Amino acid sequence: MSTVLLIIIFIAYIGLGIPDSLFGTAWPAIYNEFNLPFSFAAFVNVIISCGAIASSIFSAKIINRFGTPKVCAFSTAMTAAGLLGCSLSGNLLFMCFFAIPLGLGAGAIDTALNNYVSLNYSASQISFLHCFYGVGITVSPYILSLLIDGKSGWRGGYRVAFAIQFAITLILFAALPVWKKVNAHSEQTKEKKIKSLSLKETAGIPGVKQMWCMFLSSCAIEWTCVNWGSTFLVEHKALSAQQAARMIMFYYIGVALGRFLSGILASRLHSWQIIKICQFILAAALVLLLLPIPSYISAWGLFLIGLGNGPLFPNFSSITPQNFGEEVSPFVMGTQIAASNIGILLAPLLCGILGQLIGMRIFPYYLLAFYIFMLAATVKVKKILKEVHSHSC
């Protein structure tokens, strides 16, 4: 039965990924249809991110009240409704409205499942969890690439994504009894041990703010690629929207593959070792993307960015209980997801503004800046945690 539950959790995380890559990939076709500047994607992205930040901050209390299973099921239903609404939108205003349930639902699912798996499963399994997120974000661009030049266009891609998300919602509601049967005693015990913290108290824990910076910068890199990778290929590499939708799939495949390999390596290496390897791959990828190379080689650069950056988030998450303690991990995890969504909110927004003013050639340099910021935060947090653990021994 525990294996069945793990499969259900993996399916839920596919559902988290499906909406996330859809908008950025579809945006070149959307802004042409709506006759908008390409930087107007920021309006939708800001709303989604603000919703995710809000639900992440309050998610620990919501999870304590309703439980992880119900939070996941209802949140997935919200994202399905948002996808359907976006597919019916005739202008940017309606798309912004339906972005609200997409953000609120995504933030709650992300926090609930990351905390649950980090507490109850191994680092390897949390990497596999995020691998299934990679499956979700890869499926959407593939579906869109098949439909975007057809009669249904980008709306057809959204409708197919809604159908998949609705099916996942039904699975999660049907699976609610399974959660009660699996690890019921251990889950109840851990819920009793949870210590309630305010945001200020959470921020005061040594190393937490530096972990926020690591989450923020990794997600800034990820979501700048998600939202502007296709536009970079269209505007700077002169590809069509259909060609860009197919080529950006290399990035999403890199994310999924990186997380899968991280899950395998987690049985032999500590999460910090995997983080070091991934940051090295990410550096090589950014160097490749900075070179004046043909578009098909740029696709390989995007693939390596996904390969290197993709495993960072799950490995950051898996070390949260180890770093800060199980009794406060839901609150720390919630603030980390909120920090991630701040990166998701601000980084693509600023990239869009700079891209409109300077041109999308800024794209690889922009990613490099967040990579340097991440490295600095990594060095600092490792130093702090080493000091804290040495004092506690």
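Please read these numbers as outputs of a predicted model, since none were measured by experiment. Side chains included, hydrogens not; waters and symmetry mates left out as well; all remaining heavy atoms used.
- Checked against the 6.0 Å centroid threshold, Trp27 and Tyr31 count as a close aromatic pair.
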### Message
Apply side chain to side chain contact (heavy atoms under 4.5 Å, CB included) to residues Ile14 and Tyr133 and explain how you reach the verdict.
### Response
CA-CA 5 Å; Ile14 292 175; Tyr133 172 83; over 6 Å; no

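- Taken from OG1 in Thr224 to CG in Asn309, the straight-line distance is 10.0 Å, to the nearest 0.5 Å.
- Each of Trp223, Phe313, Phe370 was evaluated against Phe215; a single residue qualifies, Phe313, per the ring pair (Phe, Tyr, Trp, His ring centres under 6.0 Å) test.
- The shortest side-chain heavy-atom distance between Ile221 and Leu282 falls under the 4.5 Å cut-off.
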### Task
Could you please spell out the steps behind the side chain to side chain contact (heavy atoms under 4.5 Å, CB included) verdict for Val226 and Phe23?
CA-CA 9 Å; Val226 167; Phe23 177 72; over 6 Å; no

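- Side-chain contact check for Gln165 versus Ile168: some heavy-atom pair is nearer than 4.5 Å.
- Within 6.0 Å of CZ on Phe58 lie no more than 12 heavy atoms contributed by other residues, nucleotides or ligands.
- Ring geometry for Phe260 versus Phe128: interplanar angle of 30 to 60°, hence tilted.
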### Query
Please walk me through it: do Ile275 and Gln279 pass side chain to side chain contact (heavy atoms under 4.5 Å, CB included)?
CA-CA 6 Å; Ile275 289 167; Gln279 288 177 338; 3.8 Å; yes

#### Entry: Test log, rule side chain to side chain contact (heavy atoms under 4.5 Å, CB included), inputs Met333 and Phe324
CA-CA 10 Å; Met333 187 70 73; Phe324 308 111; over 6 Å; no

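- For the pair Tyr252/Val135, no side-chain contact is recorded, criterion being any heavy-atom separation below 4.5 Å from C-beta on.
- Looking at heavy atoms from C-beta onward, Lys382 lies out of side-chain contact with Lys276 at the 4.5 angstrom threshold.
- Taking a 6.0 Å sphere around OH of Tyr365, one finds it holds 12 or fewer heavy atoms contributed by other residues, nucleotides or ligands.
- Applying side chain to side chain contact (heavy atoms under 4.5 Å, CB included) to Leu83 and the options Phe166, Tyr158, Phe98 leaves one that passes, Tyr158.
- Residues Leu368 and Phe280 are members of separate hydrophobic clusters, defined by side-chain heavy-atom contacts under 4.5 angstrom among Ile, Leu, Val, Met, Phe, Trp and Tyr.
- Proximity of Ser218 to Phe316: side-chain heavy atoms (C-beta onward) are separated by under 4.5 Å at one or more points.
- Proximity of His270 to Ile319: side-chain heavy atoms (C-beta onward) are separated by under 4.5 Å at one or more points.
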### Query
What's the verdict on side chain to side chain donor-acceptor pair (under 3.5 Å) for Thr68 and Trp179, showing C-alpha distance, side-chain angles and the deciding distance?
CA-CA 9 Å; Thr68 298; Trp179 290 80; over 6 Å; no

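- The same ILVMFWY cluster, assembled from side-chain heavy atoms under 4.5 Å apart, contains both Ile264 and Leu307.
- Residues Tyr116 and Phe132 are members of one and the same hydrophobic cluster, defined by side-chain heavy-atom contacts under 4.5 angstrom among Ile, Leu, Val, Met, Phe, Trp and Tyr.
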